[in-house]
Amino acid sequence: MPTGNALTEERRHKREKWREGGDEPYPHGFPGRVSLASVRAEVAGREPGSELAGTLRRVAGRVLTIRQHGKTAFVPLRDQSGELQLFLRVDDLGEAGYQRTLDTLDPGDLVGAEGVPVVTRRGEPSLRACSVKLLAKALRPPPEKWHGLVDTEARLRQRYVDLLSSPEVLRSFEGRSALLAEMRRLLSAEGFLEVETPVLGRVASGGLAHPFVTHYRFLEEDFRLRVALELPLKRLLVGGFEKVFEIGKVFRNEDLDADHSPEFTMMELYWAYADYGDVRGLVERLTQALARAAAPYLPKEEAEQRVRDFTPPYATVDYVERLEKESGISGIVELPRERLLELARGVGAKVYASMSHGAALDKLFGHYVESRFERPTFVLDYPLETTPLAKRHRSKPGRVERFELFYRGIELGNAYTELNDPDDQEARFREQLPPPSGPGGADAQEETYAYDEDFVEALRYGMPPAGGLGMGVDRLVMAMLGLSSIKDAILFLPTRARPTGPSIEGPGRGDAGGAGP
RNA sequence: GGGCCUGUAGCUCAGUCGGUAGAGCAGGCGGCUCUUAACCGCAAGGUCCAGGGUUCGAAUCCCUGCAGGCCCGCCA
């Protein structure tokens, strides 16, 4: 049976034969089921050919393949815990039951079985089944059994197929969950309270980005999806929260590539009466804990390497000193804006006429320095103009108290001693505002922190001195689990609409009961 | 935005010099009572991404489009 549609029909046909035999192909449950790994553990280390006589176990999982040898068959199953094969025999199931089971099952089906834990003569832990039930008939065949799904586009469009056919992908996302749990555990242990703030807002501020715009019908107004969590959380400091954090999606209407996704997860925290030095210590504790939490999801050597890498203290470098060293230009910060723009243009950076001194400097920093850090490294004390929400440095003029953490060439986090002077904040926002028109206006707008008037008003009521931190959770997951693309760290990513429908079965090739509208 | 590459069976991939389509897995039929990428035999399965062009003849060469990947630039 050749085409996808014919394969589907063949499976429907088997399903109906099963139903005609008096069994429901989609039953309501399978009570008393234990994990495949637990059965495997029960017989681990026993002699080949032995069995746990008198013990009955019920298991469930997805059929991986069916190896039939006349009057016996082996049917490996997989559940989230691992794999275990069913051992089917005519002697146990009866002639009719055996035949009917094998006539019904296909790779990809979900089945439940009851039987005796055994070790086969070849030493494979198995369940010698006395009963096999269909729990859900799969109408689509799984991808090819030893490559799985490899086409990146298909993996993203149908992540469920990727997951069901590639246990290492599922494992990796289990690792993500473990890291998130550890992050919450540690922050909670440090006394931080988790809060939730709005995704939709009148202004998308707190970060540099193109916002997504949507329409709020109740308010009859266009709103934007947040690009950062910062400003609502700082309002909470004004209100009296002293240690808060939020883990949530932020949205930046920009490109998807190996380390950027338009919809990504950010963790931000704010800590009253602390400064960026305190936050640095916290970042060390947090990343160290995460590296340890990642260990069960990594090969032994990689896990050890990760734990070694994230053993504090981490290296620290001064932004200006390092930029001067790497660029070979001493006194680079004192150069006039025009000269910096020239230099930035010279290294291939995107520049525009109205770009600020600090922005130009940051382009050069990005080119000469940023991707160089392999081990965890804190870069300290950024130029004032790059960072309108951070407090001026207590001893370095023209700079702010800010650090970023780099690992393997990517930025993992960003922290400040938070600016809490309302008048300074207002002035800094105003400096950011681009000229209303003229060359570079549109581009400049892209790289400007939106002015949030109400936030300045909040500061006028008094915000305690505070340290703040933002970390890209997806990138942390990549760093800890050793993933090279953010696509492997986020379960569902956007893909372009297909003119001809979904990849496996589109309109025209589809069957009547199939894919959606 | 720039460059390179890819699109062939449900999946993973071949396809030479331009001569009209191949394998493995999955599926069908048959065989096999300890396999584990099971094995053996038989038969079947194609919108070669789409459109146009060159040509006696195009999966193959050219153009355009669509979708995707990787690298660079840039935002976390």
Side-chain angles (χ1 to χ4, degrees), chain A residues 1-11 13-14 48-49 64-76 83-85 87-92 98 106-108 118-126 128 139-157 161 165 207-210 227-228 250 252-262 264-267 344 347-351 362-363 366-367 370 404-406 410-414 443 446-447 470-476 478 484-487 495-500 503-506 508-509:
Chain A
M1 291 296 128
T3 68
N5 193 28
L7 292 170
T8 299
E9 279 313 310
E10 181 66 32
R11 283 164 176 256
H13 181 65
K14 290 181 179 180
L64 299 179
T65 185
I66 299 161
R67 290 188 289 271
Q68 196 185 346
H69 305 252
K71 294 184 170 56
T72 63
F74 297 93
V75 181
E83 296 179 9
L84 182 76
Q85 67 177 9
F87 183 20
L88 310 184
R89 303 195 308 161
V90 168
D91 302 350
D92 297 319
Y98 178 80
D106 284 302
V118 303
V119 178
T120 63
R121 281 181 221 156
R122 296 295 177 92
E124 179 73 19
S126 309
R128 191 159 62 74
L139 297 181
R140 302 283 190 232
E144 201 246 18
K145 63 184 167 192
W146 58 81
H147 294 97
L149 197 59
V150 300
D151 177 67
T152 305
E153 182 193 358
R155 291 183 54 214
L156 297 185
R157 282 186 192 277
V161 179
S165 64
L208 294 173
H210 259 165
V227 300
V250 300
R252 300 187 177 182
N253 212 337
E254 288 156 12
D255 292 349
L256 173 61
D257 65 29
D259 52 353
H260 297 86
S261 167
F264 66 104
T265 302
M266 185 90 104
M267 186 283 287
V347 299
K350 190 171 77 178
V351 299
D362 220 36
K363 296 284 182 188
H367 176 263
E370 234 166 63
E404 292 197 311
L405 175 65
F406 291 90
I410 63 171
E411 183 195 330
L412 294 182
N414 181 21
D443 276 345
E446 287 181 25
E447 308 215 0
M471 302 196 88
V473 170
D474 313 288
R475 288 183 171 187
L476 266 179
M478 289 169 64
S484 58
S485 171
I486 206 165
K487 290 174 182 173
T495 51
R496 216 170 287 274
R498 270 179 176 267
T500 55
S503 59
I504 288 189
E505 180 176 299
R509 283 193 292 170

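Letters A, B, ... mirror the listed sequences (proteins, then strands); counts begin at 1.
Annotation: the span from A:M471 atom CE to A:M267 atom CE amounts to 6.0 Å, rounded to 0.5 Å. Note that the CD atom of A:Q85 and the CG atom of A:L64 stand 10.5 Å from one another [nearest 0.5 Å]. Between the CG atom in A:D474 and the CG atom in A:L412 there is a gap of 11.5 Å [rounded to 0.5 Å]. From A:L88, atom CG reaches atom NE2 of A:H69 across 10.5 Å, with rounding to the nearest 0.5 Å. Atoms CD and CZ, from A:E370 and A:F406 in turn, are 3.5 Å apart once rounded to the nearest 0.5 Å.
Taking atom P on both B:A23 and B:C63, the two are 33 Å apart, rounded to the nearest angstrom. The separation of B:U12 from B:U60, taken at their P atoms, amounts to 22 Å, rounded to a whole angstrom. With P as the reference atom, B:G1 and B:C56 are 41 Å apart, rounded to whole Å. Comparing the P positions of B:U54 and B:G27 gives an interatomic distance of 46 Å, to the nearest angstrom. One C1' atom belongs to B:G10, the other to B:G28, and the distance between them is 15 Å to the nearest Å. To the nearest whole angstrom, the two P atoms, one in B:C13 and one in B:G51, are 25 Å apart. With both ends at atom P, the span from B:U64 to B:G22 equals 32 Å, rounded to whole Å. Nucleotides B:G15 and B:G53 are separated by 24 Å at their C1' atoms, to the nearest Å.
Remark: side-chain polar atoms of A:D257 are paired, donor with acceptor, to backbone N or O of A:D259 under 3.5 angstrom. Not one N or O on the side chain of A:R252 forms a donor-acceptor pair closer than 3.5 Å with the backbone of A:H210.
Across all strands shown, the partner of B:C13 is B:G22, judged by Watson-Crick or G-U wobble contacts whose two distances both fall under 3.5 Å. Using the Watson-Crick or G-U wobble rule with both distances under 3.5 Å, B:C70 pairs with B:G3. The partner of B:U64 is B:A50, judged by Watson-Crick or G-U wobble contacts that both fall below 3.5 Å. Within the shown strands, B:C29 is the pairing partner of B:G41 under the Watson-Crick or G-U definition, both distances less than 3.5 Å.
Ranking B:G69, B:G10, B:U12 by closeness to the A:P141 side chain, first place goes to B:G10. Of the listed nucleotides (B:C32, B:U12, B:A26), B:C32 has the atom at the smallest distance from the side chain of A:H69. Each of B:C13, B:C74, B:C34 was ranked by its minimum atom distance to the side chain of A:F87; first place goes to B:C34. Side chain of A:L7, nearest nucleotide from B:G69, B:A26, B:C71: B:A26. The side chain of A:R157 sits closest to B:G68 out of B:C34, B:G68, B:C70. When each of B:C25, B:A38, B:G68 is scored by its nearest atom to the side-chain atoms of A:R67, the top-ranked nucleotide is B:A38. Closest to the side chain of A:E144, from the set B:G24, B:U33, B:A38, is B:G24.
When the side-chain nitrogen and oxygen atoms of A:T72 are compared with OP1 and OP2 of B:C32, none of them lie within a distance under 4.0 Å. A sub-4.0 Å separation between OP1 or OP2 of B:C70 and a side-chain N or O of A:K487 is present. Applying the 4.0 Å criterion to OP1 and OP2 of B:G24, one finds that A:K145 has every side-chain N and O outside that range.
Residues A:D106 and A:Q68 both approach RNA chain B. Their nearest nucleotides, taken by heavy-atom distance, put A:D106 toward the 5′ side. Judged by closest nucleotide on RNA chain B, A:D151 is the one of A:D151 and A:E124 placed further toward the 5' end.
A:D91 comes within 4.0 angstrom of a base, heavy atoms only. When heavy atoms are screened at a 4.0 angstrom cut-off, A:E404 is found touching no nucleic acid atom at all. Heavy atoms of A:S261 sit under 4.0 angstrom from at least one base atom. Among the protein residues, A:G148 comes within range of the sugar-phosphate backbone only, with heavy atoms under 4.0 Å from sugar or phosphate atoms but none that close to a base. As judged by a 4.0 angstrom heavy-atom cut-off over every strand, A:I410 is placed among residues making no nucleic acid contact. A:G472 comes within contact range of no nucleotide atom at all, as no heavy-atom separation falls under 4.0 Å. Contact annotation for A:T120: base contact, defined as any heavy-atom pair under 4.0 Å involving a base atom. Nucleic acid contact class of A:P107 (heavy atoms, under 4.0 Å, all strands): sugar-phosphate only.
If you take CD of A:E153 and C1' of B:C5, they are 15 Å apart, rounded to a whole angstrom. Atom pair A:I486:CD1 and B:C70:P shows a separation of 13 Å (rounding to whole Å applied). A:L64 places its CG atom 15 Å from the C1' atom of B:A38, with the value rounded to the nearest Å. Atom CG of A:D362 and atom C1' of B:G73 are 15 Å apart (whole Å). Computed from coordinates, the A:Q85 CD to B:C34 P distance equals 13 Å when rounded to whole Å. The nearest whole Å value for the distance from the CD atom in A:E10 to the P atom in B:A44 is 17 Å. One atom, CD of A:E9, and another, P of B:G28, lie 14 Å apart when rounded to the nearest Å. A:D257 has its CG atom 11 Å from the C1' atom of B:C72, to the nearest Å.
Using cut-offs of 30° and 60° for the angle between ring planes, the A:F74 and A:F87 rings count as parallel.
A glycosidic torsion no more than 90° from 0 defines the syn conformation, and B:U20 adopts it.
Remark: A:H13 NE2 is loosely packed, at most 12 non-hydrogen atoms of other residues, nucleotides or ligands lying under 6.0 Å away.
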